[in-house]
Participant: 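Structure provided below as structure tokens; questions to follow.
Order of the sequence lines fixes the chain letters, A, B, ..., with proteins taken first and strands second; residue numbering starts at 1 for each chain. For clarity, every value in this text was computed on a predicted model and none was experimentally measured.
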There are 2 protein chains.
Amino acid sequence: MAKRGKINQRQRILEEAAKLFKAKGFAGTSMRDLGGEVGMEAASIYNHVRSKDEILESICFYVSDTYVSQLAEVEQTATSYKDKIQVLIRQHIRLMLEDGAAVSVANNDWKYLTGDKLTAFKDARKRYEHGFAALIEQGIAAGELQPVNVSVALFTILSAVRWVELWYRPGRGVSAEELEQNILTMLLNGLAV
Amino acid sequence: MAKRGKINQRQRILEEAAKLFKAKGFAGTSMRDLGGEVGMEAASIYNHVRSKDEILESICFYVSDTYVSQLAEVEQTATSYKDKIQVLIRQHIRLMLEDGAAVSVANNDWKYLTGDKLTAFKDARKRYEHGFAALIEQGIAAGELQPVNVSVALFTILSAVRWVELWYRPGRGVSAEELEQNILTMLLNGLAV
DNA sequence: TCCATAAACTAACGTTTGTTAGTTTTTATA
DNA sequence: TATAAAAACTAACAAACGTTAGTTTATGGA
């Protein structure tokens, strides 16, 4: 019984798939492409994975589950709203640095999910957005934040953080710490002096 | 000679293609899908268009050409750097509201361009980014802007503006004018009070 | 009304796709 | 070392893909 090897291979397949989906999109990546990257025939992949769709589902829900549980954690800490939002932004950036390919797939290729999985993913995302928006709203009500339109603030934050995954390379002269600090400055204090 | 009809049909094909590419991705959209949307057989599309690739090219370069010429225009106006950046952000938002599907394709599906077209598109984008970054840099040097990392500021702006196309629907209670104003507030003044 | 051309159609092509079936090789344990 | 399970392989499938060829229909100017 070589159960150990099986889950490791599955993990490798998911990781290579995330990289390929990020680079060429879900629909633009074939199982033969993936096989080539993993080092086996396309047909052999099915020893580790039920279908191409299941690969996408695993990647997308890994990411959405992570976000949702990070939000839940932040919600029940006893800090200011401004701090909570700051922590959430930091966590976004960190997940992106650690698992950029998976985050990219969850951001861009979730639309290829089908049936229950598609609705479940959209629901999870909506719950996350509502929770995040509530924190902003309460922060404004508490006078910690500017009275800007909540949706605008939410989506500006969520997408401002996305570029990290397209742009950041370690060894570009900016450390992860600096990066976080600069983005937080931009989003919280703005560009104007 | 009915040349008139031909270019109108071509335009319709490009517009429907942009919508489909946005919704399902370039690789996820078939010529038969497109034919269905336009109201003709897939083969008939080739009376108006050389190939599926050419459709993508037309959409992507329409967008990049627009951005590049908008930048050129802003560069030679005699205003403050802060104003120039504000105008560029406004123009981003407007193009997104007017031609959201095309912008979305240029943002997400440019990677399916091939050969010269791919490098030409990447070059155009790079020139745009450098020009924008130069304005930020000069704005900081002139003391009009905070001394934040220029790349971080640039990409935060460029991607913060992207969500508009995913989220904005006229009749969501936010007018285009309010939207612009709120985004500018977020990016220039920040969320914190 | 006739005619040239534009623009639609049908049919088919060679590939590539995701996936299955059946077989062989590798691997871990008894 | 024998054995059973795991994980690789080859071969093939039906469907969908972009595109071409050849044909028919629609259209606008002489």
Participant: Using whole Å, what does the distance between atom P of nucleotide C:dA8 and atom CZ of B:R10 come to?
Facilitator: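 Roughly 14 Å, once rounded to whole Å.
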Participant: Can you check each nucleotide of nucleotides 8-18 of chain D against protein heavy atoms at under 4.0 Å and return B for base, S for sugar-phosphate only, - for none, in 5' to 3' order?
Facilitator: BBBBB----BB
Participant: Send over the distance from A:E54 CD to C:dG18 P, rounded to a whole Å.
Facilitator: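 The answer, rounded to whole Å, is 15 Å.
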Participant: Enumerate the residue pairs fulfilling side-chain hydrogen bond (donor to acceptor under 3.5 Å, both in side chains) with a member in residues 93-107 of chain B, sequence neighbours excluded, ordered by first and then second residue.
Facilitator: B:Y62-B:D99, B:R94-B:E180, B:S104-B:N108, B:S104-B:E165
Participant: How would you list all residue pairs meeting salt bridge (charged side-chain N to carboxylate O under 4.0 Å, His left out) that involve residues 109-123 of chain B, not counting sequence neighbours?
Facilitator: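 Every candidate salt bridge (charged side-chain N to carboxylate O under 4.0 Å, His left out) pair involving residues 109-123 of chain B fails, so no pair, neighbours aside, qualifies.
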Participant: Give the table of side-chain donor-acceptor pairs shorter than 3.5 Å for residues 153-161 of chain A, with sequence neighbours excluded, one pair per line with atom names and distance.
Facilitator:
unit_1	atom_1	unit_2	atom_2	d
A:T156	OG1	A:V152	O	2.6
A:T156	OG1	B:W163	NE1	3.4
A:S159	OG	A:F155	O	2.7
A:S159	OG	B:S159	O	3.3

Participant: Quick one: side chains of residues 129-145 of chain A, donor-acceptor pairs under 3.5 Å with protein atoms, not counting sequence neighbours, listed by atom name and distance.
Facilitator:
unit_1	atom_1	unit_2	atom_2	d
A:H130	ND1	A:K126	O	2.8
A:E144	OE1	A:Y81	N	2.9
A:E144	OE1	A:K82	N	2.8

Participant: Return the set of residues passing side-chain contact (heavy atoms from CB on, under 4.5 Å) with A:T114 (not counting sequence neighbours), or none when no residue passes.
Facilitator: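 For A:T114 there are no side-chain contact (heavy atoms from CB on, under 4.5 Å) partners, ignoring immediate neighbours.
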Participant: Could you state the CG-C1' distance from B:N8 to D:dG28, rounded to the nearest angstrom?
Facilitator: 16 Å
